[in-house]
Amino acid sequence: MANTIEIRNVDKIYGNTVKTQVLYDINLSFEKESFNSIIGQSGSGKSTLLNIIGTLDKPTNGEVFIDGISTSTMNKNQLAELRGEKLGFVFQFHYLLPEFTAIENVIMPIRANKKPVTKEVIKRANELMDLVGLSGVKNNLANNMSGGQQQRVAIARALMNQPDIILADEPTGNLDSDTTELIYELLREINKKYKTTFIIITHDRRIAEKADRIIELKDGKVNIDINYK
Amino acid sequence: MFSFKIAYRFLRSSIGQTILIVLGISVGVSVQVFIGSLIGGLQNSLVQTTIGNSSQVTVVSDDYISSYSDIRDNVLEVKGVETVSYALDEPGTLIVNENTSPILMRGLDLELSEDIYELKEKIVQGKLPSTNNQVLIGLDLFEELELSIGDTINLSIPLKGDMNVTISGVYDFNVSQINNSWIITNLETAQNVIGSTDVVSSIEIQVSDVFAADTIAMNIDAKLNSNYNISNWIDLNQELLSGLQAQGSSSLMIQVFVTISVVLGIASVLAITVIQKSRQIGILKAMGVKDRTASLIFLSQGFILGILGAIGGVALGLLLTYVFSTFALDPDGNPVVPLLIEADFIALSGLIAVVSASLASLVPARKSTKISIIEVIKNG
């Protein structure tokens, strides 16, 4: 299977006067439709790496290619377009817009990319709400939902634009173990059903082992890279 | 449209804050509307009482003016001229029994001069002269000489002649100088007294914009080929004019400062909302929202607040003016200051609110482009 993401010689250094290097010469590639996990202790640079892959942050050196195109020469607007089109994000702190209902949050990526909200869009949003098991609370304001429900809304939202890649940073970080289990099953199901590439950061080895591939970062370097597939 | 919807939802979700800021703008706008109507009304009533019932531009000659009807036609063609009338004025003496009083005989074209002097409204007893040899006399003189309607009095014009006239009515101009001196009659009677028909001594003009009287006077002069002497109220009342101008500029100052304080208020509140909503903006940016769209959210907020503030402010301002003109009355039951409510001015105040609210939101709009997604994600 072809690669959808390639990272070449990526360094990340924070600070101007006091320099802290977080990533050292990372080279990785991710296949299309694969389900990958990144583990590592806190401070190992895994979130920084994910943010660089997701074009939310820029590498100090090196390049990121998404579907063969380098992101380093893109301006802010082009990056925003790329994110809107190809990438979906799920964060640890779910980050829904509290001013909107669950289903409005799910449709938000369509509006954000100035696409028309057609009947198909609404149908798809409802399907996604079904998929994440939230049909009953879709008109609740985001704040009136439990953490697990909010995270599932965030997942549905990440899927709305039918992105090729979903990047998730500790998506179950502050959820109980039952809900964690449920959400991972959901992500795997989506991976199979929609052929979406997943890169998931987790600190939970049990969860990581369910992935096709485990990458462990240590002190900003790739320590272990095991592919089960 | 996307930005507008988000802006609307942001405003609705923090409704308390929104109401406060809208109230802030409304108070500013209402002060503008009220002060503007007050000063406008004050200025209007001052102008009205001072020059409303007088000739604002006057054409005179060293000698009598003969072809006055042609001149009237000519003057009427000048832009800004509203009313043209003629008068034949002669200083003279009023003789009643043994008393003599200095007076000014004013022969007016009673029909044309009605637009200037509104004599019908000023008559307190009797009526307008309906035939020759009837006169109107001022209230002060009438009472001083203990006259009554129908009395015959003798007008003596030095070097010209004299004539017995009948009092047909009494006027009150509320100006004792006029009430003590003007004896008003029709043009023909005045012409008979001086013994020459078909002459007048002055042509009296009112203009549509009193503050342009000096320019209009110049245009009239040009139209009449500079054959006559032309005076206007502005040249004769410099002090009044500068008083009016000072009033106008002080009201402008008040309005400018009110606008500035409204702008500062909006800018500071919206600057806080950017920080409040930075998380949401960060998420939207991660979803592919561009900086321009994000800043449009805050511009839309400013615009919406401006519209709501303008509507509230105009309503509040009109309410204030209504309350003021209903309850602030002088002993006669008239408003202390007759307020001038101008649709144009009110629309302008509203527009200023919308524009300044939108301008004020430029600050937070700019700030929103600097929100970094990474900062938002890191700080949970």
Side-chain angles (χ1 to χ4, degrees), chain A residues 12 14 22 47-48 50-52 54-58 75-101 104-117 141-143 153-154 157-158 160-161 163 167 169-170 173-174 201, chain B residues 1-19 21 270 272-301 304-305 364-380:
Chain A
K12 181 68 186 177
Y14 284 117
V22 186
S47 288
T48 304
L50 196 80
N51 291 336
I52 287 174
T55 75
L56 302 178
D57 206 352
K58 276 184 182 296
N75 65 27
K76 275 172 106 180
N77 284 341
Q78 287 168 324
L79 289 175
E81 268 169 37
L82 175 79
R83 283 197 296 270
E85 211 174 293
K86 295 201 164 162
L87 303 175
F89 294 90
V90 181
F91 302 107
Q92 181 177 354
F93 303 102
H94 0 87
Y95 293 117
L96 299 180
L97 298 179
E99 294 86 0
F100 293 82
T101 64
E104 282 173 334
N105 266 285
V106 172
I107 297 172
M108 195 59 71
I110 298 289
R111 293 192 198 278
N113 289 284
K114 311 225 161 144
K115 290 185 212 156
V117 179
L141 280 181
N143 275 355
V153 174
R157 181 180 67 186
M160 192 63 214
N161 265 351
L167 305 169
D169 191 348
E170 304 252 18
N174 54 2
I201 290 178
Chain B
M1 236 15 236
F2 169 73
S3 311
F4 197 81
K5 275 183 188 156
I6 300 277
Y8 170 72
R9 203 56 84 84
F10 278 2
L11 289 174
R12 217 182 64 178
S13 73
S14 35
I15 189 78
Q17 192 176 318
T18 305
I19 289 174
I21 184 167
L270 285 180
I272 294 165
T273 56
V274 174
I275 295 162
Q276 285 175 334
K277 304 291 182 194
S278 60
R279 206 174 146 164
Q280 283 88 326
I281 299 297
I283 307 164
L284 288 171
K285 283 188 179 178
M287 268 183 221
V289 164
K290 292 171 190 167
D291 285 354
R292 215 176 76 86
T293 313
S295 45
L296 267 177
I297 295 174
F298 292 94
L299 282 181
S300 306
Q301 284 202 11
I304 296 171
L305 291 171
R366 258 186 67 82
K367 232 175 137 178
S368 76
T369 65
K370 299 203 175 86
I371 292 174
S372 126
I373 311 168
I374 281 298
E375 292 300 318
V376 174
I377 295 167
K378 271 188 187 160
N379 299 327

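The chains referred to below are lettered A, B, ... by the order of the sequence lines, with proteins before strands, and numbering in each begins at 1. Source: prediction; values computed, not measured.
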Flag side-chain contact, heavy atom, 4.5 Å: B/R9 against A/L97: no
Residue of the set A/R83, A/R157, A/M160 for which side-chain contact (heavy atoms from CB on, under 4.5 Å) holds with B/M287: A/R157
Matching residue for A/M108 among B/I283, B/I6, B/V289 - test: side-chain contact (heavy atoms from CB on, under 4.5 Å): B/I6
For A/F89 against B/A286, the heavy-atom pair lying closest together: CE1-O, 3.5 Å
Region of A/Q78 in contact with chain B, defined by heavy-atom distances below 4.5 Å: neither
Most chain B-contacting option - heavy-atom pairs closer than 4.5 Å, from A/A158, A/G84, A/G54, A/G88: A/G84
Structural part of A/N113 lying under 4.5 Å from a heavy atom of chain B: side chain
Exercise: identify the closest heavy-atom pair between B/S13 and A/E99: OG-CG, 3.1 Å
